[in-house]
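In what follows, a single structure is set out as structure tokens and then discussed.
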Amino acid sequence: MIDIRAARNDPDAWRAALARKGATEAFDALLDADRDWLALVPLVDELRSRTKLKGRPTPEQIEELKAVKAELGRAEEELAAAAGRRDELLALVPNPPEPAVPGGGEDDAVELRRVGERPTFPFEPRDHLELARIDMERGARLSGSRFAYRMGGFALAELALYRFALDHVAARGFTPVIPPVLVREAAMYGTGFLPTDEVNIYSLERDELYLTGTSEVALAALHMGEIIERADLPLRYAGYSTCFRREAGAAGKDTRGMFRVHQFDKVEMFVFCPPERSPQEHELLLAVEEEIVRELGIPYRVVDIAAGDLGAAAARKYDIEAWFPSQGRYREITSTSNTTDFQARRLEARFRSERGIQPLHTLNGTAATARALLSVLENFQDEDGVVHVPEVLQRHGAPATISARA
RNA sequence: GGCGGGGUGGCCGAGCGGUCGAAAGCAGCGGUCUUGAAAACCGCAAGGCGCUCGAAAGGCGUCUCGUGGGUUCGAAUCCCACCCCCGCCGCCA
């Protein structure tokens, strides 16, 4: 959630920033609700103070107390209603983008750089379904569309990728974590996926649990409700988990293969740090992501995501897009966001500083998903449909070659 | 699934109708001592919200002892519901 006091004190600047995410309506509604609430607080406080007496009251005082309490009851009801409206809107207003974020929407990401040589093939490049044992038909028979059986050398290569990514980030000071993937509502709300992204979340109503779409949820909630000592910061984690996404609204998009599936695995980095440090940590996350992609040898580019495409929690986001020869374009394989204090406020994840207790900043970034491996398949294929697996993955247990037969 | 125990400040833990936002200890911060440190000793320290109090440090009001409701002039303490954690037994991987 946003810092309502800061917004109250400088509404025009906040409105202008939020306009870039198309959220002025929610913001103005919030300011109204906040004003209503704010007007009631001193009233209720005053009535409450009149109900407080030292020692045993006289019978006359008791009569008077009863009158005050009746009035207080009505005022408290009003206050609770106002607080309810205010909190509801507070949950809906997104994190404003940083000033440096490019304007516009999905198509307005700004390319920051291109790295690596794109391969040229004297043949028609195959896509991942033709290069590895990935069985979508039987996956669909088992579980529906967008589910894959990953088999043979590809399965081993996937595990090698995750192990490589974990080893790499561990060497960079991130603590490896295997987190729960079923979480309570508080964690989904605290990370900002609820209420905004509800349609994309699998829920187990009978048990009141949600399946996480990324280990970001479990990692962010790791310090929910805690007050961290400044000396212990920054805290850097890397979660390995299966991720579940309903992909509502993606109908007809990326329907071939396992490019976009309901269930996939991911190594995700997550950082808690003091506010002044978060831009620097964001650069670190991007740097680590690039290191991994470069070690794999995939040609890629880095894009700075535009304000309108940021999502509720992110104030800034960089994606790495890998080259996919069969599609003839760059596609997202990692994403790193600075969510500033937006998640930390909701989660009540705070730290003790010289200036008192204040919300932390949180950041997340993809270390590796199977999508990176799909790009590896396509970029390292030969004319016979055989993929020559990068050495770094072989070191972590992948076979030297992968094909549709093995 | 059955039975039982319990949720109090950063941590541990006492309190079981008013004098309690709350003892003691640990960790933290400040100081004394010391060449320096440790030890010892003294002291300071919960969080949220609000304020046409204050330049600030701070001050004042209010809420919070898992959450919500109730009893009472008055609730951390009594009653009800819910949530969560732990233990034992049963069943299962």
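So that the names make sense, note that chain A is the first sequence line, chain B the second, and so on, each numbered from 1. Everything quoted here is computed from the prediction, not taken from an experiment.
With both ends at atom P, the span from G69(B) to G1(B) equals 29 Å, rounded to whole Å. Nucleotides C49(B) and C44(B) are separated by 26 Å at their P atoms, to the nearest Å. Nucleotides U19(B) and A75(B) place their C1' atoms 15 Å apart, quoted to the nearest Å. Remark: the separation of the P atoms in C84(B) and G90(B) is 25 Å, to the nearest Å. Taking atom C1' on both nucleotides, C33(B) is separated from A45(B) by 23 Å, rounded to a whole Å. C65(B) and A76(B) have their P atoms separated by 7 Å, with the value rounded to a whole Å. The same atom, C1', is picked in U64(B) and in A22(B); the two are 12 Å apart, to the nearest Å.
Map Trp37(A) and Arg48(A) each onto its nearest nucleotide of RNA chain B; the residue landing nearer the 5' end is Trp37(A).
Side-chain polar atoms of Tyr318(A) and Glu283(A) form a donor-acceptor pair below 3.5 angstrom. Between the side chains of Thr191(A) and Gln343(A), no donor N or O sits under 3.5 Å from an acceptor N or O.
Because its NZ or CZ atom is not both nearer than 6.0 Å to the ring centre of Tyr202(A) and within 45° of the ring axis, Arg245(A) does not count as a cation-pi partner of that residue.
OP1 or OP2 of G50(B) sits under 4.0 Å from a side-chain N or O of Arg8(A). Under 4.0 angstrom from either OP1 or OP2 of C85(B) there lies at least one side-chain N or O belonging to Arg184(A).
Aromatic ring centroids of Phe193(A) and Tyr210(A) lie 6.0 Å or more apart. In summary, the aromatic rings of His361(A) and Phe272(A) are positioned with their centroids too far apart to meet the 6.0 Å limit. For an aromatic pair to be called close, the ring centres must be under 6.0 Å apart, and Phe147(A) with His262(A) satisfies this. Here the two rings, on Tyr162(A) and Tyr240(A), have centers that are under 6.0 Å apart.
Within the shown strands, nothing qualifies as a pairing partner of A55(B) under the Watson-Crick or G-U definition with both distances less than 3.5 Å. In this structure A93(B) sits in no base pair that meets the Watson-Crick or G-U test at under 3.5 Å. Of the nucleotides present, C60(B) is the one that pairs with G50(B) by Watson-Crick or G-U wobble criteria, both distances under 3.5 Å. The base-pairing partner of C3(B), taking Watson-Crick or G-U wobble contacts with both distances under 3.5 Å, is G87(B). Across all strands shown, C26(B) pairs with G10(B); the Watson-Crick or G-U wobble distances both stay below 3.5 Å. Of the nucleotides present, G31(B) is the one that pairs with C41(B) by Watson-Crick or G-U wobble criteria, both distances under 3.5 Å.
Among the protein residues, Arg230(A) comes within range of no part of the nucleic acid, since none of its heavy atoms lies under 4.0 Å from any strand.
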**Fill in**
Heavy-atom contacts, protein to nucleotides 43-48 of chain B, under 4.0 Å, summarised as B (base), S (sugar-phosphate only) or - (none) per nt, yield ----SS
